[in-house]
Amino acid sequence: MLKNQNVYLEFRNIVLYYLYFSFFATIFLISRQSLAVQYAFSILDILILTSSILIIKKNNVNKWNYLVFIFLIIYSILALVKGTHINSPILFLKIYLIFIFFKLYTFKIEEIVRFLNSTYLLYALLSLFFFKFLPSTLYTLADHELNYVDLGFTKYLVLHSIEGGASTIDSYSALIFLSNIFLIKYKTKAHYFFIILSTLLIIYSLKMTPLVALIMGVISYTLIRNKTIATIYTILIFSIFIFVLNLLFVNPEVYGPVRFSSIMYVATHARSMIWVQQLTILIETYSIKDYIFGNFTSESFTVNAFQLTGHEITTNYDNPHNTYLLLFFKAPLLFIIYYLKYIFMIFKNFDRKSFVIISFIAVAGFSNSSIISLGNPVYLIIIAFLLTSPDFKSKKIIE
């Protein structure tokens, strides 16, 4: 039980920053061949989050939360016994605990933005340092034409983050950009600094995912003014994605005359081919137990990768480059339950400015599988905060 206010504030901040630095430490310790360290740190995250929930007054925790937690523990044990990869139960349990943590511990929006900015600064500075001076220490730069930006008057290799690749820093930068613009009413010089820094790094990485998601986020602020429309919008964009997947299955061929599948192939930068191949694997191999507990492994879901020209390249992918598909592959039943709860929370806790962030993350997830994962927790943290904070609860219109 936390009685002293200063102890309470210090404790919740320690847990919050620990979640980030737990992830940050794994960057230097994991490899493509072994993610054991990431799983070990994630299990520790779960233990610390669970402890933080038990420490606070028990009457603040709804009995339903305990029942759900027990269900997830039992589910995780059964999944592991069934042979499901450890990633799935750890990830979904961690997601749940982060939401409960923010439901029980109150943060101000200024504190959360300060957390986002300070951790982003460390990430950005080290990314720039390794990219410029030690590129082969943590990763090998993908030095091929697709990773260059040609502006006509200059050509440069896109910024790779400290994790490797542009996809882990482009959306991260866009999140910081939107958070400092929309979540903070009275901006300081520090906020403007992070707006400028994140803008520069978005340009440096210059990928379509954050740009499209940014545009959709701003559009959502302009057009979506109540919780009903926000909920319909959230359901609609996901329904459109399902509809696209269905059409791709009707005619999955990439070559020949221009057709829908060819358009989507170019529009998604060849991701649609990965989606079709992996969904085919799921349909052909998943049993009823697999739809309950998941059966995703890197080996079984590795598929051929193609350039936009249609020529096969040496690299194969187990990564669908889509957060929704990856979560569904890992645990179909839990993904559906979580997504339905997510939609309900948007309806219950709509706020016009915070929905810009929610909308951005939702759109970015369609072409980036690292948004909700055991990797960078900032997306989970900001979603959990915005959808549980009493500051954003049940507001129909925010001017």
Side-chain angles (χ1 to χ4, degrees), residues 87-88 91-92 167 171 207-213 215-216 220 231-288 290-298 300-308 310 312 316-343 346 358-373 379:
N87 182 292
S88 303
L91 174 58
F92 283 91
S167 61
S171 296
K207 292 290 185 178
M208 287 303 296
T209 293
L211 296 178
V212 172
I215 293 171
M216 293 297 289
S220 72
T231 307
I232 292 173
Y233 169 83
T234 304
I235 295 172
L236 182 62
I237 59 173
F238 190 74
S239 299
I240 291 173
F241 174 64
I242 299 299
F243 178 71
V244 166
L245 290 178
N246 181 65
L247 289 182
L248 287 171
F249 264 97
V250 172
N251 188 3
E253 295 297 326
V254 173
Y255 310 107
V258 176
R259 57 179 75 112
F260 178 76
S261 56
S262 300
I263 295 172
M264 288 306 302
Y265 178 70
V266 175
T268 63
H269 210 269
R271 286 174 174 83
S272 63
M273 173 173 281
I274 300 173
W275 300 342
V276 169
Q277 291 181 91
Q278 291 189 329
L279 283 169
T280 301
I281 293 171
L282 177 138
I283 291 171
E284 292 178 350
T285 62
Y286 269 38
S287 64
I288 293 177
D290 295 330
Y291 279 102
I292 296 174
F293 296 109
N295 191 21
F296 178 89
T297 64
S298 295
S300 62
F301 274 80
T302 297
V303 298
N304 295 328
F306 291 80
Q307 299 283 16
L308 287 175
E312 188 172 357
N316 293 328
Y317 284 114
D318 61 347
N319 176 7
H321 294 82
N322 183 292
T323 289
Y324 304 102
L325 285 179
L326 190 56
L327 291 177
F328 183 77
F329 292 155
K330 288 181 177 180
L333 177 62
L334 281 188
F335 170 75
I336 293 171
I337 294 172
Y338 275 46
Y339 192 75
L340 291 175
K341 177 64 174 179
Y342 165 74
I343 292 172
I346 288 176
I358 300 295
S359 174
F360 161 77
I361 294 174
V363 174
F366 285 111
S367 61
N368 188 335
S369 61
S370 64
I371 298 296
I372 305 298
S373 67
Y379 305 101

Provide the closest heavy-atom pair for [X] versus [Y] in the form atom of the first, atom of the second, distance.
| X | Y | result |
| --- | --- | --- |
| Ser298 | Asp318 | OG-OD2, 2.7 Å |
| Leu248 | Trp275 | CD1-CE3, 4.4 Å |
| Ile237 | Ala362 | CD1-CB, 4.3 Å |

Test of understanding: with side chain to side chain donor-acceptor pair (under 3.5 Å), list the residues that count as partners of [X], not counting sequence neighbours.
| X | result |
| --- | --- |
| Ser370 | Asn368 |
| Ser367 | Thr209 |
| Ser300 | Thr297 |
| Ser359 | Tyr233 |

Main chain of Phe296, side chain of Tyr286: is a donor-acceptor contact present, judged purely on distance under 3.5 Å?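 Such a contact is found between Tyr286 side chain and Phe296 backbone.
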Could you list the residues that satisfy ring-ring contact (aromatic ring centres under 6.0 Å, His included) with Phe366, not counting sequence neighbours?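 Listed in chain order: Phe241, Tyr324.
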ring-ring contact (aromatic ring centres under 6.0 Å, His included) partners of Phe360, counting only residues at least two apart: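 Once residues adjacent in sequence are excluded, Phe360 has no partner under the ring-ring contact (aromatic ring centres under 6.0 Å, His included) criterion.
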Do Leu325 and Leu279 have side chains that get closer than 4.5 Å, going by heavy atoms?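 SC-SC contact between Leu325 and Leu279 confirmed.
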Hey, does Phe301 have a side-chain heavy atom less than 4.5 Å from the side chain of Leu282?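 Yes, their side chains come closer than 4.5 Å.
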Residue list, side-chain contact (heavy atoms from CB on, under 4.5 Å) with [X], at least two apart or on another chain:
| X | answer |
| --- | --- |
| Ile240 | Leu236, Val244 |
| Ser239 | Ile235 |
| Thr323 | Leu327, Ile371, Ile372 |
| Ser369 | Asn319, Leu326 |

Among Tyr339, Tyr342, Phe243, exactly one meets ring-ring contact (aromatic ring centres under 6.0 Å, His included) together with Phe238. Which residue is that?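 When ring-ring contact (aromatic ring centres under 6.0 Å, His included) is applied between Phe238 and each of Tyr339, Tyr342, Phe243, only Tyr339 qualifies.
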Could you give the side-chain donor-acceptor pairs of residues 328-338 under 3.5 Å, partners two or more places apart or in another chain?
unit_1	atom_1	unit_2	atom_2	d
Lys330	NZ	Asn87	OD1	2.9
Tyr338	OH	Phe92	O	2.6

Report the distance from atom CD1 of Ile358 to atom OG1 of Thr234, rounding to the nearest 0.5 Å.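 That separation rounds to 8.5 Å.
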What's the separation between atom CG in Leu245 and atom CG in Asn322, rounded to the nearest 0.5 Å?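 Interatomic distance, Leu245 CG to Asn322 CG, rounded to 0.5 Å: 7.5 Å.
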Is atom CD1 of Ile288 surrounded by more than 12 heavy atoms (other residues, nucleotides or ligands) closer than 6.0 Å?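 Atom CD1 in Ile288 is not crowded, with 12 or fewer foreign heavy atoms closer than 6.0 Å.
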